[in-house]
2 protein chains.
Amino acid sequence: MAQTTEVPGQGNQDDEQRLAASVAAPEPPSGITDEATHVDTRQRILDVALDLFTEQGYDGTSLRQIAERLGVTKAALYYHFESKEDILLALHMRIHEFGQKAFLSMGDEPVTLEQWGALVDEIAVQMLAQRKIFLMHERNQAALEKLHNEAHDAEHDDIQNKLRQVLADPRVPLTDRVRMAASVGVVFSGLVLSGEAFDEATDEELGSQLRAIIHNVLFG
Amino acid sequence: MAQTTEVPGQGNQDDEQRLAASVAAPEPPSGITDEATHVDTRQRILDVALDLFTEQGYDGTSLRQIAERLGVTKAALYYHFESKEDILLALHMRIHEFGQKAFLSMGDEPVTLEQWGALVDEIAVQMLAQRKIFLMHERNQAALEKLHNEAHDAEHDDIQNKLRQVLADPRVPLTDRVRMAASVGVVFSGLVLSGEAFDEATDEELGSQLRAIIHNVLFG
DNA sequence: GTCTATATAGGGATAGAC
DNA sequence: GTCTATCCCTATATAGAC
């Protein structure tokens, strides 16, 4: 399994070097170097939050818990994030950006089963590589929705909304749309619903088998 | 408190049938009830809670909101339920009981694809008939898990746990287990993930097509 | 950047009148 | 069965020292 069962205090090298521009980070020490020393506390906060949000849910997790597991105090968190929601938002950006990219290729024309197959394959790969963040997302839909509403983005290009949008397209035959939805469900179940049941398999094995089933669902 | 509650698991039939404003609620046979128009408040609380818990999440919903929408005060709720968790528990029992029944036939022997197919078909039917409660369940996994832990039941026979238990059975070939999980994902996606995208189809149409895909996934 | 201490709000829950 | 009023606790968030 690609997921490391890391110890709470330790930094895990995930994939999160890219969300800097998204949330207003408090400007670190202005100007002068002094940089290298400590490994991003901000990042460590996000790591811990990701775990706790997944285990207990966003609402079920208090800042005190996050701080405790991190070995700091609540107040310290507020140096790095403006609010609790801000932490959730930072985590959310990863999936959001991925969704943007994944659906980029899609225009306004009705989607074909072939296009969809390629898209779902891509989603499957990403989900396998970023299992944790997807799990967190799945288990905190309510909180994330609220977040989304408050952010008056006017842009509902969340991955789920995009999905539904395509699946509701009346120009595509219903039978095709049901197949499309089902194919997503296949990916979904393999990673989320199954829990730890498939840890014995490598991501590659799992991925290839899922893709086979997906193909079967779409074109079988 | 001297709770005069009837047994939580039995008194509540479903909730969805009543959105046709059915007045056939079994009023306790207490002789003279002048207010014949008044339908079981307990049931109305559950109806409202089901909606709000689904929309906003369990944690995101306050008793004040439930009471407000119902036109009563918070305190009134406590006549019908011991706690907020009790409301969630009452809603949970419906799925729980279904899960008990659905998995009843399964013993300790490794499950076959055929058995699984029958089970998933049954789940699909139930999900279609009780969409709302399944949606609520899906969107409040964290809260329900917590509830489950606190419930001293020592019995973890939740439907999801049963599912995972079977899917982790090492005596069943991995390829089969992946197929099994995928088949559940198909049902799941058709009902939950798709949102309102398939409202144009009747439950029968949707159900039969889902079953076809499921069959394909398991045996294709 | 992190701490101690505190402000403030909201939510769950109870008491007791009606 | 429902109401008013209140208690209590936890959680987010802030102020200011170090």
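Small disclaimer: the values here were computed from a predicted structure and weren't measured. Labels below follow one simple rule: chain letters A, B, ... track the order of the sequence lines, proteins then strands, and each chain is numbered from 1.
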Can you give me the N/O atom pairs linking the protein to nucleotides 13-17 of chain D at distances under 3.5 Å, or say none if there are none?
from	atom 1	to	atom 2	distance (Å)
D:dA13	OP2	A:Tyr78	OH	3.0
D:dA13	OP2	A:Lys84	N	2.9
D:dA13	O5'	A:Tyr78	OH	3.4

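The backbone N or O of A:Thr202 lies less than 3.5 Å from a partner atom in the side chain of A:Glu205, making a donor-acceptor pair.
By the side chain to side chain donor-acceptor pair (under 3.5 Å) test, B:Thr61 is found to be paired with B:Gln56, residues two or more places apart in sequence or in another chain being considered. Partners of B:Glu200 under the salt bridge (charged side-chain N to carboxylate O under 4.0 Å, His left out) rule, at least two apart in sequence or in another chain, are A:Arg177. Annotation: side chain to side chain contact (heavy atoms under 4.5 Å, CB included) contacts of B:Arg164 (sequence neighbours excluded): B:Gln160. For B:Ile95, the side chain to side chain contact (heavy atoms under 4.5 Å, CB included) test picks out B:Ile133, B:Phe134, B:His137, B:Ile159, with sequence neighbours left out. Residues passing the side chain to side chain contact (heavy atoms under 4.5 Å, CB included) test with A:Ala142, sequence neighbours excluded: B:Arg139. Looking at residues two or more places apart in sequence or on another chain, you find a salt bridge (charged side-chain N to carboxylate O under 4.0 Å, His left out) between A:Glu68 and A:Arg64. In this view, A:Glu138 satisfies the salt bridge (charged side-chain N to carboxylate O under 4.0 Å, His left out) rule with no residue, not counting sequence neighbours.
Whole-Å rounding puts the B:His80 NE2 to C:dT14 C1' distance at 16 Å. For the pair A:Glu68 CD and C:dT2 C1', the computed distance is 16 Å after rounding to whole Å. As a whole-Å value, the separation of B:Phe81 CZ from C:dT14 P is 15 Å. Computed from coordinates, the A:Arg64 CZ to C:dT6 P distance equals 19 Å when rounded to whole Å. At whole-Å resolution of the value, OH in A:Tyr79 and C1' in D:dC18 are 15 Å apart. Nucleotide C:dC3 holds its P atom 9 Å from the CG atom of A:Leu77, rounded to whole Å. Taking atom CZ of A:Arg42 as the reference point, atom P of C:dT2 lies 13 Å away to the nearest angstrom.
Figure legend: cation-pi geometry between B:Lys146 and B:Tyr58 absent, as NZ or CZ is not positioned both under 6.0 Å from the six-membered ring centre and within 45° of its axis.
Looking at residues 51-62 of chain B, you'll see B:Thr61, B:Ser62 sit with a heavy atom under 4.0 Å from some atom of DNA chain C.
For the OP1/OP2 pair of C:dC3 and a distance below 4.0 Å, the side-chain nitrogens and oxygens of A:Thr73 include at least one atom meeting the criterion.
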